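Single-structure report; data block below.
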Amino acid sequence: MTTETFEFQVEARQLLQLMIHSVYSNKDVFLRELVSNASDALDKLRLAKLRDDTLDADVSDLHIEIDTDTEARTLTVRDNGIGMSYDEVGKLIGTIANSGTAQFAEELREAQDADSAEGLIGQFGVGFYSGFMVADEMTLVTRRAGESHGTRWSSRGEGTYTLETVDDAPQGTSVTLHLKPADDEDKLHDYTSAWTIKDIVKRYSDFITWPIRTVPRQGEDGTTPEAETLNSMKALWARSREEVSDDEYHELYKHISHDWREPLETVRLQAEGTFEYQALLFVPSHAPHDLYTQGYKRGVQLYVKRVFIMDDCEALLPPYLRFVKGVVDAADLSLNVSREILQQDRHIRMMQRRLTKKLLSTVKEMRENAPERYATFWREFGSVLKEGLLSDSDNRETLLAAASFASTHDGEPTTLAAYVERMKDGQEDIYYLTGESRESIENSPHMEAFRAKGVEVLLLTDPVDEVWVDVVGEFEGKRLRSVAKGEVDLDGESDDSSDSEREKQGEEYAALLGWMKEQLGDDIKEVRLSSRLTVSPSCLVSDTGDLTPALENMYRAMGQEVPKAQRILELNPGHQLVQGLNKAYQEREDRTELAGTAELLHGLAVLAEGGRPTDPGRFVKLVAERLERAL
């Protein structure tokens, strides 16, 4: 047979060198990854046979074998699963198919400890290559179910690999590792030892639903012992809570999610009655790096009567719970189902509603009974959970009750219910302000009057906050109101003297306000006096029903054209700059220079909210001219 030699891509070569030469405290993880790959191959063959009875494949005894040879110092992990074609080997093994290779390499370099490094292997889908941690050479022989020819892949991890077609390959895949010498100082165990293999399988792969067997070798007395099954094959979700340790749950989570950390929360659910199913769900302790990317794989594993049906079953959980991992095992679904059928199945919809409510109630319980775990959860997943406020009206009240927000009350996040309890007498609205960071919001001119009067304001910094506050509108009868929109009256029922003062100011500044509107033209909708400013000379606000600039930009980034909303410029009549401008306007007939000051007041308001003046060059020139005169 013709043997072809190929070079690894540059990133793959770098990754291999990191994998081979990096120091891990626990090199045992290579076997966990190879067994997991074999388990996936068996799942895929079982499913393929269920969907196509004509597939020429033997499914009578699906299993995984681990064969060790002490003399040759080899270890082979073999399965009789779906196998791979020649092209698939080149694509999936010859190159690193999963995206994120460069990021994996960078995180591997920066890993602070060996445990962190260990988990990155599975997280980035490069488990096969972890074999080079313990082997000088790896050989893979595979034949795809239904095909007559197999493929052999081989590499020493030094930049090249070979591919050739073989005739005598059995169905499935075998991976043979030519092991490095055992080195206790480097924590490189003897992986030909039966005890070592048994310990690793029990620790990492006991829950695998396929038998993992040893390949017995003939003893000195000429007898060959029976093959030993190393794993219990007990589905953890089908066992009572008392029978399963936390460590077993955590290993199942790591197997499913390829995450090296332990989960933040484990959620069990068993439904009985007309439609029975069991669920074992996990809330991660950190957000995956690609949670907000379009290609993020969401959903949980679906089993029917403990037979694997589908990975990443999206129909079982709404998109805003896409970070949840786990297993759902149904008793009454068809074994031959597709994603399209599942989307229409009423049982699936019923399961989604029940699982969603269970997860949200778990979050609420965490907030009430485990504040530290809840704080971790909300820091990692709060922004994605708030997406449900837009899409899941049925659970909106539950989501609001489970959510927490930063506020000016103190440094700790608050719930909306706690905010309402602290509202001042006469306060009718829940005030909030959106922005890029807490610091930028707290320094916003819009906050000045609220800070001066001690009125609490929610500080919302997630992009989704720009949208959900308008969709939700209120909480417990209290309107959600932006401090940067509309007019603000924090005095409640004002007395005659304050009304008279405002009326007098209105008359005094009326001419200036009208003139500034003419000068600024289409840049603004209106110029008016402000009741929200106490320190700054000016600020920009949106009309009550208008989109904020941040929301406009968000829609445009998504390709949606929206008309640009005109803003309202508010002036602080108590600020010396505004008072001086008004006096100069009344005294001077030539107001050419005052027009520049009007532009400066508008530009300062734009900058104060994190925006950019329409003509930055002109704005800088105006500032420079005024500074020059002041010297």
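Model, not experiment: these values are computed from the prediction. Along the sequence shown, the residues carry numbers beginning at 1.
- A heavy-atom distance below 4.5 Å is found between the side chains of Arg354 and Tyr277.
- In terms of modelled atom types and a separation under 3.5 Å, the side chain of Arg143 and the main chain of Gly172 share no donor-acceptor contact.
- In this structure the side chain of Pro216 never reaches within 4.5 angstrom of the side chain of Glu228, judged on heavy atoms.
- For the 3.5 Å distance criterion, the side chains of Asp167 and His149 qualify, holding a donor opposite an acceptor.
- Salt-bridge check for Arg217 with Asp67: passed, with a basic side-chain N closer than 4.0 Å to an acidic carboxylate O.
- Scanning both residues, Ile212 and Asn231, for their nearest heavy atoms gives N-OD1, 2.8 Å.
- Looking at heavy atoms from C-beta onward, Val384 lies in side-chain contact with Tyr292 at the 4.5 angstrom threshold.
- Asp40 and Asn37 form no side-chain donor-acceptor contact under 3.5 Å, judged by distance and modelled atom types alone.
- With hydrogens and angles disregarded, a donor-acceptor distance shorter than 3.5 Å links the side chain of Asn80 to the backbone of Asp61.
- The two residues Asp290 and Thr293 make their nearest non-hydrogen contact at O-OG1, 2.7 Å.
- Not one N or O on the side chain of Thr142 forms a donor-acceptor pair closer than 3.5 Å with the backbone of Gly83.
- Although no hydrogens or angles enter the test, the distance criterion places a donor-acceptor pair under 3.5 Å between the side chain of Arg322 and the main chain of Pro319.
- Judged by distance alone, the side chain of Glu88 and the main-chain N or O of Ser85 form a donor-acceptor pair under 3.5 Å.
- With a 4.5 Å cut-off on side-chain heavy atoms, Glu248 and Asp206 count as touching.
- Using modelled atom types, no side-chain atom of Arg373 and backbone atom of Phe377 make a donor-acceptor pair closer than 3.5 Å.
- Between the Thr68 side chain and the Leu75 main chain, no donor and acceptor come within less than 3.5 Å of each other.
- Between Phe381 and Leu291 the shortest side-chain heavy-atom distance falls below 4.5 Å.
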Derivation of the salt bridge (Lys or Arg N to Asp or Glu O under 4.0 Å) call for Arg353 and Asp394: CA-CA 9 Å; Arg353 287 195 295 270; Asp394 291 340; over 6 Å; no
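- Ser39 places no side-chain N or O within donor-acceptor distance of the main-chain N or O of Val35, the cut-off being under 3.5 Å.
- Defined by atom type and a distance below 3.5 Å, a donor-acceptor pair is present between the side-chain atoms of Glu137 and Ser154.
- A donor-acceptor pair is defined here as one N or O able to donate and one able to accept, closer than 3.5 Å; no such pair exists between the side chain of Tyr320 and the backbone of Asp392.
- Taking a 6.0 Å sphere around CG of Asp184, one finds it holds 12 or fewer heavy atoms contributed by other residues, nucleotides or ligands.
- Using a 4.5 Å heavy-atom threshold, the side chains of Val328 and Gln301 count as separate.
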Intermediate values then yes/no, salt bridge (Lys or Arg N to Asp or Glu O under 4.0 Å), Arg73 and Asp190: CA-CA 9 Å; Arg73 288 206 54 74; Asp190 180 6; 3.3 Å; yes
Pair Leu62-Arg46, side-chain contact (heavy atoms from CB on, under 4.5 Å): steps then yes or no: CA-CA 8 Å; Leu62 298 180; Arg46 167 68 70 86; 4.3 Å; yes
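- Aromatic ring pairs are classed by plane angle as parallel below 30°, tilted from 30° to 60° and perpendicular above 60°; the pair Phe128 and Trp153 is perpendicular.
- Crowding of Glu226 atom CD: a count of heavy atoms from other residues, nucleotides or ligands under 6.0 Å not exceeding 12.
- Residues Tyr161 and Leu140 form no side-chain contact, since every pair of their non-hydrogen atoms from C-beta on lies 4.5 Å or further apart.
- Atom CZ of Arg241 has more than 12 neighbouring heavy atoms from other residues, nucleotides or ligands inside a 6.0 Å radius.
- The two atoms that bring Thr192 and Thr74 nearest to each other are CG2-O, 4.1 Å, heavy atoms only.
- Around NZ of Lys49, the count of heavy atoms belonging to other residues, nucleotides or ligands within 6.0 Å exceeds 12.
- Note that CG of Leu230 and CZ of Arg213 are 10.5 Å apart. Values are rounded to the nearest 0.5 Å.
- Between Asp462 and Lys386 there is a salt bridge, with a side-chain nitrogen of the basic residue lying less than 4.0 Å from a carboxylate oxygen of the acidic one.
- In this structure, Ser232 and Arg239 approach most closely via the heavy-atom pair OG-NH1, 4.5 Å.
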Test log, rule side-chain contact (heavy atoms from CB on, under 4.5 Å), inputs Thr162 and Glu4: CA-CA 5 Å; Thr162 62; Glu4 294 184 272; over 6 Å; no
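- The backbone N or O of Asp58 sits less than 3.5 Å from a side-chain atom of Gln171, completing a donor-acceptor pair.
- With hydrogens and angles left out, the side-chain atoms of Tyr191 and Asp28 include a donor and acceptor closer than 3.5 Å.
- Between the OG1 atom in Thr76 and the CG atom in Asp69 there is a gap of 8.5 Å [rounded to 0.5 Å].
- No side-chain heavy atom of Trp237 sits under 4.5 Å from any side-chain heavy atom of Arg268.
- In this structure, a donor-acceptor pair under 3.5 Å is present between the side chains of His255 and Ser36.
- Here the CG-OG distance, from Leu264 to Ser285, works out to 6.5 Å after rounding to the nearest 0.5 Å.
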